[in-house]
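All remarks here apply to the structure that follows.
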Amino acid sequence: MTVYLPIAELSVNIFIILGMGAAVGFLSGMFGVGGGFLITPLLIFYNIPPVVAVATGANQVVASSISGAITHFRRGTLDMKLGCVLLVGGLAGATAGVWVFSWLRRVGQLDLFISILYVVLLSTIGALMLQESLRALRRARNNEQLPLKRPGQHNWVHRLPLKMRFKKSKIYLSAIPVVALGFGIGVLTSIMGVGGGFIMVPAMIYLLRIPTSVVVGTSLFQIIFVTAYTTMVQAATNYSVDIVLATILMVAGVIGAQYGVRVGQKLRGEQLRALLALLVLAVGIRLAIDLIVTPEEIYSVAVGGLSY
Amino acid sequence: MRRLIRTLLLVPLLGLAAPALAQVPMGEASTVKEGLEIGTSTSEIAIASDFRGADLTIFGALTNADELFLAIGQYDVVVTLEGPRDYATVRRKERVFGIWMNTESMTFEQVPESYSLASTRQIDSIDEAPSLNNIGVGIAHMPLNPVGYISDSGSIREFRDAYRRLKLANGLYQRDTSGVQFVSSSLFRASLKLPANIPDGIHMVRAYLFKGGQLIAQRELPLRVVKTGIEQAITDAAHERPFAYGFLCVLIAVVTGWGASLLFRKD
């Protein structure tokens, strides 16, 4: 059964889109990630224009992050104040990102830029995750103990001015790195259509030394608002959010996520992370191949507007 | 006295055309200018979202046609359907540090987004290239003027060729060199192909009459293409009320996410 996507302007098989949404939802539930960094490349592989894939990906992340955020809010593992400071940076970053996005589109380099960003990000993160999980697996096999971490240790980040007290997280921290982190994630949200949790969570833990208990809830809080804002701005400036595509993906995604969570609880963490790392690497490599292989047609036509 | 035949249906035309011709005696036709009339059955085409392409039939008639020229097939008709005009940018990829990226681009002024042509025979055998270029008839002859000054004429040709090739490949430009057929000595029927991805807006039907390789008459008719259905309503909403549209997208996401967390709650 085919369904016509009015914004992407092409007919697709509804079952493939449903399957994509469910699979990414399943993985995002299993690994506790938003899934934006998987759904956007998959849509591009399925010939959805990157402009639409990115904007619709951001919309899909809103849905997949909301139930997690609600859970964390109920449990009280969400630092509202920290989340709001992150959000200030995030909204500014998303605005700047959409501006860059529109400019790249005008000069005809958007598709390339999205692909390169994905290749760099996915291969770096995939390699780091794989390395870490393989080390953990080896350690588990040899029954070694984890080296003790000393979370009290301070780094350069903690010497910055403009310090604020975040009661819930029990830390006293400069607002500058928090806003900067939010800004960077906001830019990625609007250019790549990702929530950015896979960068934000490690950055909050290792760089800002925020207690792990509040990190996930707080990052989800910021992701919801930044992705919702990005969806609105993309819809208003680039007219690139496909409501039909987004709805199919979201419905399949949230259902898939529920089953993913159940399976994820039964598997071991290190194996799970190694699997995710391999998946992330595979997507990155596939995108890299598309950049290098000689295209069948080196010309392309874009209609409308004067552009150089 | 010229008798205008302006009707849409073939059957009454057949009846009218014969006496019209009878009034022009042989040999006198050279003093009377030939005329061309065309008609479509509608001035508006509504296209549903499941549109997979169709044929548009246009009827026309020659008036004051010379029997002799008709008999030896010296009259040729070309009918085109031109879509709304807009700028079009063609980009070329090149390998830069191992990666294929768009490097050069060229923007053409106000070219039709879609173009469908039907003719009695190959248009290049109807008239010579320079005069076809002059009137801009045919995919190979329509004016493609680059914006700004470009000194390299070789690259202009390459970009023009690429533009035509891509437009033909995605079906927006089509030609059918046997699409115009005479159903009687002076009546013709043109079948124009409407591509599945036809743009909406005001299209122009243009008919050209050639006599012995000379353009002698020309007619045009506007034709509005309107897309209908839920998908078009969504596209319109996205472009005309972008904030409301974006808000609706976010709202659907919130409802879906929240709904799922309520639906699958264990406690």
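What's counted below: heavy atoms across the whole structure, side chains too, no hydrogens, waters or symmetry copies. Order of the sequence lines fixes the chain letters, A, B, ..., with proteins taken first and strands second; residue numbering starts at 1 for each chain.
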Please round to the nearest 0.5 Å and tell me the distance separating atom CD of A/E297 and atom NZ of B/K93. 9.0 Å
Can I get a per-line list of side-chain donor-acceptor pairs under 3.5 Å for residues 246-259 of chain A, giving both atom names and the distance, sequence neighbours left out?
unit_1	atom_1	unit_2	atom_2	d
A/T247	OG1	A/I243	O	2.6

Looking only at heavy atoms, the pair that brings B/A88 and A/V301 closest together is CB-CG1, 4.3 Å
Quick one: what part of A/L291 sits under 4.5 Å from any heavy atom of chain B, side chain, backbone, both or neither? both
Given a strict heavy-atom distance threshold of 4.5 Å, which part of B/R165 is in contact with chain A: side chain, backbone, both, or neither? side chain
Could you tell me the separation between the CD atom of A/Q109 and the CZ atom of B/R91, rounded to the nearest 0.5 Å? 7.5 Å
Proximity breakdown for A/S300 and chain B, heavy-atom pairs closer than 4.5 Å: both
Spatial distance of atom CG (B/L262) from atom CD1 (A/I70) [nearest 0.5 Å]: 6.5 Å
Does any heavy atom of chain A fall under 4.5 Å from the side chain of B/E109, the backbone, both, or neither of them? neither
Please look at B/I252 and chain A and tell me whether the side chain, the backbone, both or neither of the residue comes under 4.5 angstrom of a heavy atom of that chain. both
Correct closest heavy-atom pair for A/I292 and B/R95 would be O-NH2, 2.5 Å
Looking at chain B, which one of A/T294, A/L5, A/T71 has the largest number of heavy-atom pairs inside 4.5 Å, strictly under? A/T294
Point-to-point distance, once rounded to the nearest 0.5 Å, from CD1 of A/I66 to OG1 of B/T256: 9.0 Å
Give the intermediate values and the outcome of ring pair (Phe, Tyr, Trp, His ring centres under 6.0 Å) for residues B/F159 and A/Y299. CA-CA 8 Å; B/F159 276 93; A/Y299 289 93; 5.6 Å; yes
Can you tell which part of B/R241 gets under 4.5 Å to a heavy atom of chain A, answering side chain, backbone, both or neither? neither
Members of residues 37-60 of chain A whose heavy atoms come closer than 4.5 Å to chain B: A/N59
With respect to chain B, which residue among A/D242, A/V241, A/V244 yields the maximal number of heavy-atom pairs within a distance under 4.5 Å? A/V241
Let me know if A/I298 has heavy atoms under 4.5 Å from chain B in its side chain, its backbone, both or neither. both
Between chain B and each of A/A63, A/S115, A/A69, count heavy-atom pairs under 4.5 Å; write down the option with the most. A/A63
Distance (rounded to the nearest 0.5 Å) between B/Y245 OH and A/I7 CD1: 4.0 Å
